[in-house]
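Treat the numbers as computed from the prediction; the structure is a model and nothing was measured.
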Amino acid sequence: MINCRNVLVCVWGNFKKWGKNTRIIVLLLTIAAFGFWDYTSISAYAREIYGGMTSWVLPFYLRSPSMIMVYCCITAAFFGNAPFADRQMPFTLIRVGRRPWMIGQFLYIWLAGLVYVMIYLVVSIVFMLPSFDLSNDWGTAVRALAAGDVMPSSHLVTLGIHEKIVRTFTPIEATVITCFLMWMVAVFMANLIMVFNLASRGTLGIPVTGLLIFLMYFWSYFGQMWFGEYIYWFSPFSWCSMFMVDFWNQGIYPPLGYVTAVLLGGSLAMGVISTVIYCKKDVHMAKEEF
């Protein structure tokens with residue numbers, strides 16, 4: 001019988017490391033830097049031309065293969081040391097046992113992934129200030145940009161507004177869907193890293209994930225030409241963006257149901273495999289955290 005308290009102790013122990021983890025702090029600053037570049041410029045443009053705009057701009061953040069690759073690279077670095085073993089792990093194992101500790105790492109991935117995506121959402125809202133508007137309406141500025149109506153201005157607009165998203169979804173709907181997709185991809189990637197790290201004593205998680213990120217970026221430009229239009233159905237990392245999921249029955253990108261089934265099913269399967277591997281192998285303690 002698994003003691004839920006022991007599992008939660010492992011989860012909370014990982015979260016407590018964030019404040020002292022230089023890697024996490026640097027990655028959070030990187031997320032803020034990209035947000036500052038994208039959001040402050042469009043916020044200033046909207047204030048100058050339209051007097052302001054909605055703060056629901058996260059759905060347009062992962063607008064290109066380059067930005068999707070940036071998100072995937074930051075995510076891989078964020079979870080690169082899964083299953084998060086450190087010098088305190090042997091003492092925790094003695095206290096809670098192997099299986100509760102491993103289940104705790106799996107649960108931590110899901111919760112940390114959600115917090116990680118919420119950081120992107122908070123950054124998108126904060127850097128839109130003082131154009132602060134959380135009403136569930138896109139507003140004049142977004143609709144004009146979606147239609148390609150960019151007025152002369154001293155501010156460079158780097159955020160691409162997708163006309164189909166504006167026409168099909170409300171701001172809150174698009175934001176919730178985007179957060180869900182980013183969360184599912186983050187969890188899938190973290191579990192993938194954990195499986196390969198456990199199978200290779202921490203040597204293959206990042207290389208394998210890095211290769212898949214590169215292939216995702218490569219396929220975005222050459223995949224359809226070489227492999228046909230269904231190549232995007234086999235590129236799970238690209239599904240963190242609404243731009244790469246078929247909400248309009250175009251047939252090129254996979255639909256939301258398929259994306260959810262693959263990412264959720266794959267994450268659960270890899271979590272089970274990781275637990276089995278860890279419980280059967282000798283304990284390996286990393287000298288230093290990634």
Side-chain angles (χ1 to χ4, degrees), residues 2 4 6-18 21 23-24 27 71-93 96-117 119 180-216 235-240 259-290:
I2 300 298
C4 293
N6 289 342
V7 172
L8 294 177
V9 165
C10 299
V11 173
W12 179 239
N14 285 336
F15 275 113
K16 288 198 300 183
K17 301 172 188 175
W18 283 25
N21 191 317
R23 173 176 54 87
I24 297 294
L27 292 174
Y71 172 77
C72 289
C73 288
I74 294 175
T75 305
F78 197 90
F79 293 104
N81 63 324
F84 318 105
D86 59 13
R87 293 175 178 176
Q88 299 299 319
M89 182 194 67
F91 306 103
T92 307
L93 282 179
V96 304
R98 279 196 180 196
R99 187 171 298 174
W101 185 85
M102 194 62 212
I103 294 174
Q105 308 314 301
F106 181 64
L107 180 59
Y108 166 75
I109 284 175
W110 285 84
L111 296 177
L114 182 59
V115 174
Y116 172 72
V117 172
I119 291 170
F180 175 75
L181 293 173
M182 293 173 68
W183 180 37
M184 286 292 98
V185 169
V187 170
F188 182 89
M189 186 182 298
N191 278 289
L192 181 68
I193 293 172
M194 183 163 67
V195 164
F196 279 96
N197 277 347
L198 286 172
S200 64
R201 288 184 173 265
T203 60
L204 287 180
I206 288 297
V208 170
T209 304
L211 176 62
L212 293 178
I213 293 173
F214 168 77
L215 289 176
M216 177 275 300
S235 180
F237 291 174
S238 66
W239 302 337
C240 58
V259 167
T260 302
V262 172
L263 294 177
L264 180 60
S267 297
L268 294 174
M270 287 187 288
V272 172
I273 294 172
S274 295
T275 303
V276 171
I277 292 175
Y278 188 77
C279 290
K280 289 186 176 182
K281 294 185 67 173
D282 294 335
V283 174
H284 173 66
M285 182 181 68
K287 295 182 178 178
E288 297 291 341
E289 184 185 1
F290 171 77

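Between M270 and L192, the shortest heavy-atom distance links the atoms SD-CA, 3.5 Å. Here the closest heavy-atom approach between residue A186 and residue Y71 is recorded as CB-OH, 3.7 Å. Counting all heavy atoms, side chain and backbone alike, F78 lies closest to R23 at O-NH1, 2.9 Å. M194 approaches P83 most closely through the heavy-atom pair SD-CB, 3.6 Å. What you find for P236 and L263 is that their closest heavy atoms are CB-CD2, 3.9 Å. Here the shortest heavy-atom pairing between T203 and N197 reads N-OD1, 4.1 Å.
With sequence neighbours excluded, the residues satisfying side-chain hydrogen bond (donor to acceptor under 3.5 Å, both in side chains) with Y108 are W18.
Checked against the 6.0 Å centroid criterion, the rings of W239 and F188 do not qualify as a close aromatic pair.
Distance check: S235 OG to I213 CD1 gives 10.5 Å after rounding to the nearest 0.5 Å. Rounding to the nearest 0.5 Å places OG1 of T275 at 8.5 Å from CZ of R99. Here the CZ-CZ distance, from F237 to F214, works out to 14.5 Å after rounding to the nearest 0.5 Å. Taking OG of S274 as the start and CZ of F196 as the end, the distance is 10.0 Å to the nearest 0.5 Å. Separating the CG atom in L268 from the CG atom in N191 is a distance of 8.0 Å, to the nearest 0.5 Å. Atoms OH and CD, on Y278 and Q105 in that order, are 8.0 Å from each other to the nearest 0.5 Å.
A donor-acceptor pair under 3.5 Å links the side-chain atoms of Y116 to the main chain of T75, judged by distance alone. Not one N or O on the side chain of W110 forms a donor-acceptor pair closer than 3.5 Å with the backbone of W183.
Aromatic ring orientation, F15 versus W12: tilted (interplanar angle from 30° to 60°).
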Derivation and outcome, side-chain contact (heavy atoms from CB on, under 4.5 Å), residues M184 and S267: CA-CA 8 Å; M184 286 292 98; S267 297; over 6 Å; no
With side-chain contact (heavy atoms from CB on, under 4.5 Å) as the test, would you mind laying out the steps for F79 and V187 before giving the verdict? CA-CA 9 Å; F79 293 104; V187 170; over 6 Å; no
